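Worksheet for the structure shown next.
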Amino acid sequence: MEKVITDGQLFVLKEKIEQAHRVVCVCHVSPDGDALGSTLGISAWMKRLGKECRVVVPNRFPDFLHWMPGVNEIIRYDKKKEEADILLRSADLIWVCDMNAPSRALEMESILTECMERSMGVAGGFMVMADHHLHPQEGFCNIQISQPEMCATCEVICHIMHQLGELSNMSVKEATCIYTGMMTDTGAFTYASNRSVVYECISTLLSCGIDKDKIYRNVFFTSTPNRMRLIGYLLYVKMEVIGGMNASLMTLTNQERKMLGVKNGDTEGIVNMPLQIQGMRLSAFISEDTEHVGFVKFSLRSVDDFPCNEMSARFFNGGGHKNASGGRLQCTIEEAIELYRKAVHEYRALLQG
Ligand code: 5GP
Ligand code: MN
């Protein structure tokens, strides 16, 4: 296992956990398997230690994660802002998971910034970041455990628990959440998962009694007939392979969503599919934001060394990981497509190489 915090930080963290009564875990907007896995995993751990713990997420999360242990206790900030603000203001320990800056929580940005300011004084809750995104915002949390080379925030948590001597005490519930995050952020260990220590973590989680095959089915074999039809439509009608560039693109408007009866979460993972085309290096899924009118979301996936986080940062007001990134812009879908074409053209040397 790897050392993710210094001995000094470990000492402080241990003390803060011991002393905490009220704990809150938060994560980024549109929580994915890793965001929920890390917050729910920590929440189950904190509860095992006798703490009151709540998970607050900015907005809705995909249906295929609704089976996760503890999911019914999640508080959605877009629905219960006042309750969540009170919880966050009165927490004595706040875990900030799978996000590197308060802006990644969109509507929760201001309360997190407030917590951050208060945490620097005596009154506020102690904030701990556990994350694996590049460029953590300096001074966001009291302890920032940022490990960009790790496959998932859930892996980071595994190492934190190891350093705290908690790994052998992990419950099936906790281990199930942690495994889910590692599995979803690596496409079931098909990318970003070459480090052997990833499998040391998995070995430990298996010893805790997780059923990894069932977790896989719970997450990946949950399509509705409608989602299968959406996949068919996107691949047959909408997928465009950009000639000579080893890049592809799919788009979805809200009108199409309506026409096809697309539910939130139905589009999840479809962006990966064009990478199954031989030689394909970059795939983009560009869609109208369902929650923020006038905004377009970009979702990018790549293979090998193509840096889609860099492309997202330069062109799409976003970021992420080398092989999986995203962004968000206020523009029309047509403008977004043009911008993507421009970005592909700009990166042609890397894409063709
Ligand atoms: P997805 O395509 O699954 O929405 O996002 C893939 C990854 O890209 C996420 O795990 C996250 O790291 C990053 N990402 C997605 N959207 C944004 C965004 O708007 N801003 C930034 N900085 N990163 C994003
Ligand atoms: Mn993650």
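In each ligand, atom 1 is the first atom listed, and ligand 1 is the first ligand listed. Treat the numbers as computed from the prediction; the structure is a model and nothing was measured.
Results of the ring pair (Phe, Tyr, Trp, His ring centres under 6.0 Å) test with Y216 over Y179, F221, F189, F64 single out F221 as the only residue that passes.
Residue D98 approaches the Mn ion (ligand 2) most closely through its N/O/S atom OD1. Restricting D185 to its N, O or S atoms, the one at the least distance from the Mn ion (ligand 2) is OD2.
The closest protein non-hydrogen atom to atom 12 (O) of ligand 1 is H133 NE2, 2.8 Å. Protein heavy atom nearest atom 13 (C) of ligand 1, with residue, atom name and distance: G319 O, 3.3 Å. Ranking the protein heavy atoms by distance from atom 19 (O) of ligand 1 puts G327 CA, 3.5 Å first. Nearest protein heavy-atom neighbour of atom 7 (C) of ligand 1: A324 O, 3.6 Å.
Looking at H321, R301, H135, H132 and measuring to atom 6 (C) of ligand 1, the nearest heavy atom belongs to R301. In the candidate list G326, G318, A101, S287, G326 is nearest to atom 16 (N) of ligand 1, counting heavy atoms. In the candidate list G320, G33, S325, S325 is nearest to atom 5 (O) of ligand 1, counting heavy atoms. Looking at R104, H28, R328, it is R104 that brings a heavy atom closest to atom 18 (C) of ligand 1.
Not a single heavy atom of E268 sits under 4.0 Å from any atom of ligand 1.
A salt bridge links R328 and D289; the closest N-O separation between the charged side-chain nitrogens and carboxylate oxygens is under 4.0 Å. Salt bridge present: E73 and K47 bring a charged side-chain N and a carboxylate O closer than 4.0 Å.
Close approach of ligand 1 to S299 is summarised as follows: ligand atoms under 4.0 Å from at least one heavy atom of the residue are 1 (P), 2 (O).
When every heavy atom of I231 is checked against every heavy atom of I270, the shortest pair comes out as CG1-CD1, 3.6 Å. Listed here is the closest heavy atom pair of L252 and E256: CA-OE1, 3.4 Å. Closest approach of M1 to V197, counting heavy atoms only: CA-CG2, 3.8 Å.
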Q. side-chain contact (heavy atoms from CB on, under 4.5 Å) between E166 and L49: does it pass, once the steps are laid out?
A. CA-CA 10 Å; E166 278 286 338; L49 298 180; 3.8 Å; yes

Q.
Run the ring-ring contact (aromatic ring centres under 6.0 Å, His included) test on F285 and F298 for me, step by step, so that the C-alpha distance in whole Å, both residues' side-chain angles and the decisive distance to 0.1 Å come before the verdict.
A. CA-CA 6 Å; F285 182 72; F298 296 79; over 10 Å; no

Q) Could you go step by step and tell me if D304 and R281 meet the side-chain contact (heavy atoms from CB on, under 4.5 Å) rule? A) CA-CA 8 Å; D304 296 335; R281 309 198 71 179; 3.9 Å; yes

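Closer than 4.0 Å to atom 9 (C) of ligand 1 lies none of the heavy atoms of the protein.
For the pair NE2 of H132 and OD2 of D34, the angle at the Mn ion (ligand 2) is about 90°; rounding is to 10 degrees.
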